[in-house]
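Because the structure is a prediction, the values reported are computed rather than measured. Order of the sequence lines sets the chain letters (A, B, ...), proteins ahead of strands, with each chain counted from 1.
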Amino acid sequence: EPEVTQTPSHQVTQMGQEVILRCVPISNHLYFYWYRQILGQKVEFLVSFYNNEISEKSEIFDDQFSVERPDGSNFTLKIRSTKLEDSAMYFCASSETDRGDEKLFFGSGTQLSVL
Amino acid sequence: AQKVTQAQTEISVVEKEDVTLDCVYETRDTTYYLFWYKQPPSGELVFLIRRNSFDEQNEISGRYSWNFQKSTSSFNFTITASQVVDSAVYFCALSRIDSNYQLIWGAGTKLIIKP
């Protein structure tokens, strides 16, 4: 089965530093998403992206966050100035469409630790 | 409001026992999707099943079975003859029929299978 790949699997950074989390969605998918999961808590939606722009974002996705599709294959999440509370597992996902019956494919996540 | 409740925070059973993970949901939508995801210790989210609210038939896939009861707003997951490899956190989730990515997640049930 095709895979969504995320790099790095673990990222440690100092508070206030910028981080970029990278994702390679499945090649024929057009819709891309980021989610996060703080340790021991529920998975939370951050943002959806289609046609080179954000289509929807949650309250969590404030001005410190940005997403980009810099080329035909990568989809990145940037956190401009990390805070301790940004420590979480970040999941990238993609799908062919955003229809309700369309399956989401998740990557294996990037564990971000902000010290 | 939409909500998913997984009341069992952690379940521990001995290998080969059957185990049922409970999921109760709330929604005002008449049509929706329900999901189960598995998160093994390695951290990735593995899709297990999606069920349309129109379809109340129970489903069996190998040792896994799902019992969807609209009358009680429940979508329970049973593992028969559990194995150590089933040890993981299992998430139940709910989505609107018109959106595949705005998932409402339960808090997860940590399942420990002892040899």
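- Side-chain N/O atoms of B:E44 and B:S42 include a donor and acceptor closer than 3.5 Å.
- When heavy atoms are compared at a cutoff of 4.5 Å, B:Y101 approaches chain A by way of both its backbone and its side chain.
- Of the atoms belonging to B:V89, not a single heavy atom falls under 4.5 Å from chain A.
- The side chain to side chain donor-acceptor pair (under 3.5 Å) test with B:T20 is passed by exactly one of B:N67, B:T78, B:N76: B:T78.
- The distance between the ring centers of A:F75 and A:F49 falls below 6.0 angstrom.
- Heavy-atom distances place no part of A:Q111 under 4.5 Å from chain B, backbone and side chain included.
- Heavy atoms of B:F91 lying under 4.5 Å from chain A belong exclusively to its side chain.
- Taking CG of A:L39 as the reference point, atom CE of A:M89 lies at 9.5 Å (rounded to 0.5 Å).
- Interface remark: B:Y32 contributes no atoms to any contact with chain A (heavy atom separation under 4.5 Å).
- Screening B:W105, B:F77, B:Y64 against B:W36 for a ring-ring contact (aromatic ring centres under 6.0 Å, His included) leaves a single residue, B:F77.
- Contacts of A:Y35 with chain B are made by side-chain atoms alone, with heavy-atom separations under 4.5 Å and no backbone atom involved.
- Put simply, of B:Q39, B:Q102, B:R96, B:K110, the one with the most heavy-atom pairs under 4.5 Å next to chain A is B:Q102.
- Proximity to chain B is absent for every atom of A:S58, based on heavy atoms less than 4.5 angstrom apart.
- The greatest number of non-hydrogen atom pairs below 4.5 Å with chain B, out of A:Q41, A:E56, A:Q6, is found for A:E56.
- With a 4.5 Å cut-off on non-hydrogen atoms, B:L45 touches chain A through its backbone and its side chain both.
- Geometrically, B:R51 does not engage B:F68 in a cation-pi contact defined by less than 6.0 Å to the ring centre and at most 45° from the axis.
- Among all heavy-atom pairs drawn from A:E96 and A:N28, the shortest one is CD-ND2, 3.7 Å.
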